[in-house]
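Worksheet for the structure shown next.
Residue indices begin at 1 and follow the sequence shown. Start at 1 and go down the list; that is how both ligands and their atoms are numbered.
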Amino acid sequence: MDELHPQTRAAHPPVIRPVGSRPLTTPIYQGHLFSFEDAETMAAAFEGPPRAVDGEDGGHGAFFYSRLGNPTVRSFEEAVNTLEGGAGALATGSGMGAVNAVLMGLLRTGDHVIAQSSLYGGTYVLLHDLAERWGVAVTHVSGDDPEEVRAAVRPTTRLLYLETITNPTTRVVDLPVLAATAREAGVLTVVDNTFATPVLCRPLEHGADIVLHSATKYLGGHSDVLAGVVVTADPAVHDRIWRHAVELGASVDAMTAWLAVRGMATLPLRVARQSENALALARRLAEHPAVERVHYPGLADHPDHDTARRLLDGGFGGVLSVDLVGGRKAGELFVEGLRLIPLAPSLGGVKSVVLHPAGTSHRGLSDEALIAAGIGEGTVRLALGIEHVDDLWADLERALAVVGGGG
Ligand SMILES: *Cc1c(COP(=O)(O)O)cnc(C)c1O
């Protein structure tokens with residue numbers, strides 16, 4: 001090295017690999033290129049998803065270019081994979097990247113998808129775009145009835161697409177029954193498990209084939225990461241999705257994956273606390289005169305309470321919604337009357353947030369579509385954080401007093 005010119009030495013600083021010790025936490029592999037000791041290993045790397053440690057996770061080749069795989073990203077993927085109990089995981093640059101990788105990786109023109117009606121808005125729009133522009137047929141079902149799914153199956157049906165807990169009315173589908181129905185028909189079940197997280201529900205244990213997340217929400221957990229992840233039960237399905245994600249360029253960068261891994265260390269603690277806060281506040285809100293109805297699967301009067309008790313393990317999630325007496329005006333006054341809880345979209349961070357769907361996220365829906373989704377003019381969604389429950393309640397009580405019904 002010493003006899004090289006300064007320009008060459010500057011461009012080739014030594015890359016340090018620890019010998020005799022290893023990092024205790026995930027290192028950030030920000031560089032997107034990896035070099036090889038021999039041509040044969042390099043050729044093998046082009047065969048398929050790279051492996052973390054020789055042979056350990058069933059991949060084919062070494063890391064060589066970060067769009068196809070990166071050790072920091074792999075650390076995040078494995079963190080989710082072990083919690084969900086999958087055969088392999090694939091991280092993407094957003095939750096929608098994960099939804100796209102699955103749908104476009106597994107479907108072709110002429111195929112048919114059965115999907116729950118109350119889907120995340122971006123997923124709903126994507127499915128209808130695939131229908132219009134790519135000739136993929138879509139049938140929506142309520143998610144309440146396996147017979148409805150059975151009746152919707154066609155010879156071309158490839159996927160049943162569900163969400164564990166729906167937004168904002170917190171319906172919980174009977175996953176084992178629906179996944180078994182799909183399996184009998186040779187259809188793969190895809191579950192968006194963003195709201196439940198693997199802490200509360202592991203869909204693969206209930207017969208799902210593919211689980212995906214917007215890691216932007218609970219997995220990242222601090223409102224500073226935009227990422228997604230797909231976990232599959234079958235390594236062959238993982239490879240098909242991986243191939244499409246690589247073509248799509250859906251990969252997440254190392255720094256983001258590192259933030260997500262770091263956030264995930266406290267996922268079980270956060271979700272437990274968020275679920276406790278949500279249950280305590282759901283109970284208090286249900287007693288309040290300004291509140292017509294509380295939608296929370298932890299309450300005995302929720303239509304899916306029994307399913308939720310069977311499916312969700314250790315809590316009912318951090319999201320609830322409330323129908324306020326007084327409709328749209330009450331919804332607007334309420335969200336503006338809060339001082340601690342900010343008015344913001346998204347959810348899953350350590351801070352509680354509130355949203356008035358009829359006026360914002362679901363503004364585009366017709367009156368009939370709103371009713372079909374169970375969203376009223378006065379419905380507000382609360383996504384609870386990890387604050388002290390009494391401070392949250394004081395804020396909610398103050399805003400309810402502004403609305404009028406209360407103390
Ligand atoms: C937010 C969200 C998505 C989309 O995730 P992004 O990270 O915003 O792309 C998908 N599904 C559900 C249930 C979500 O809440």
Side-chain angles (χ1 to χ4, degrees), residues 73 76-77 80 84 89-104 113 115-130 143 159 161-173 175 189-201 203 208 210-231 241 245 248-253 256-257 259-260 263-264 267 270-271 274 278 295 297 312 317-321 344-349 352-355 357 360-362 373-375 381-385:
V73 173
F76 167 49
E77 290 167 340
V80 183
E84 288 286 8
L90 169 88
T92 53
S94 70
M96 282 312 297
V99 177
N100 254 289
V102 169
L103 294 180
M104 298 190 68
V113 180
Q116 214 175 335
S117 329
S118 53
L119 292 173
Y120 175 73
T123 306
Y124 189 91
V125 169
L126 170 63
L127 276 170
H128 287 271
D129 198 25
L130 288 176
L159 302 176
Y161 193 103
L162 307 169
E163 295 182 359
T164 336
I165 305 177
T166 66
N167 177 30
T169 51
T170 68
R171 295 298 304 264
V172 181
V173 294
L175 203 52
T189 300
V190 182
V191 178
D192 183 331
N193 198 32
T194 300
F195 274 46
T197 82
V199 175
L200 303 181
C201 181
I210 300 162
V211 183
L212 63 88
H213 287 271
S214 167
T216 310
K217 315 290 168 51
Y218 291 99
L219 302 186
H222 297 76
S223 311
D224 51 12
V225 162
L226 195 64
V229 65
V230 181
V231 183
I241 297 171
L248 194 62
S251 33
V252 66
D253 76 288
T256 301
L259 280 167
M264 279 187 60
L267 178 69
R270 285 185 280 107
V271 171
Q274 284 158 324
H295 305 262
L312 307 179
V319 176
L320 61 87
S321 66
S346 200
L347 59 118
S352 299
V353 291
V354 69
L355 179 77
T360 55
S361 58
H362 293 66
I375 302 166
R381 182 189 77 189
L382 276 166
L384 285 316

Next item on the list: Enumerate the atoms of ligand 1 whose separation from the nearest heavy atom of M96 is less than 4.0 angstrom.
Entry: 4 (C), 5 (O), 6 (P), 9 (O)

Next item on the list: Quick one: look up the protein heavy atom nearest atom 8 (O) of ligand 1 and list residue, atom name and how far away it is.
Entry: Y120 OH, 3.9 Å

Item checked: Residues which pass side chain to side chain contact (heavy atoms under 4.5 Å, CB included) with V199, listed by chain and number, not counting sequence neighbours -> T197, L267, P268, V271

Next item on the list: Write down the atom of A208, the atom of V191, and the distance for their closest heavy-atom approach.
Entry: CB-CG2, 3.7 Å

Next item on the list: Kindly indicate, with the supporting measurements, whether the criterion side chain to side chain contact (heavy atoms under 4.5 Å, CB included) is fulfilled by R381 and V319.
Entry: CA-CA 7 Å; R381 182 189 77 189; V319 176; 3.7 Å; yes

Notebook entry, point to check: Which heavy atom of the protein is the closest neighbour of atom 6 (P) of ligand 1, given with residue, atom name and distance?
Noted result: G95 N, 3.3 Å

Next item on the list: Identify, by atom number and element, the atoms of ligand 1 in contact range of S214, meaning under 4.0 Å from any of its heavy atoms.
Entry: 1 (C), 2 (C), 3 (C), 4 (C), 5 (O), 6 (P), 7 (O)

Check: Does the N193 side chain pair with the main chain of C201, one donor and one acceptor, at a distance under 3.5 Å?
Finding: yes

Notebook entry, point to check: Counting heavy atoms only, which of D192, T216, T92, V99 comes nearest to atom 13 (C) of ligand 1?
Noted result: D192

Notebook entry, point to check: How close does the nearest protein non-hydrogen atom get to atom 15 (O) of ligand 1, and which residue and atom is it?
Noted result: K217 NZ, 2.6 Å

Check: In chain order, what residues pass the ring pair (Phe, Tyr, Trp, His ring centres under 6.0 Å) check against H222, with sequence neighbours excluded?
Finding: none

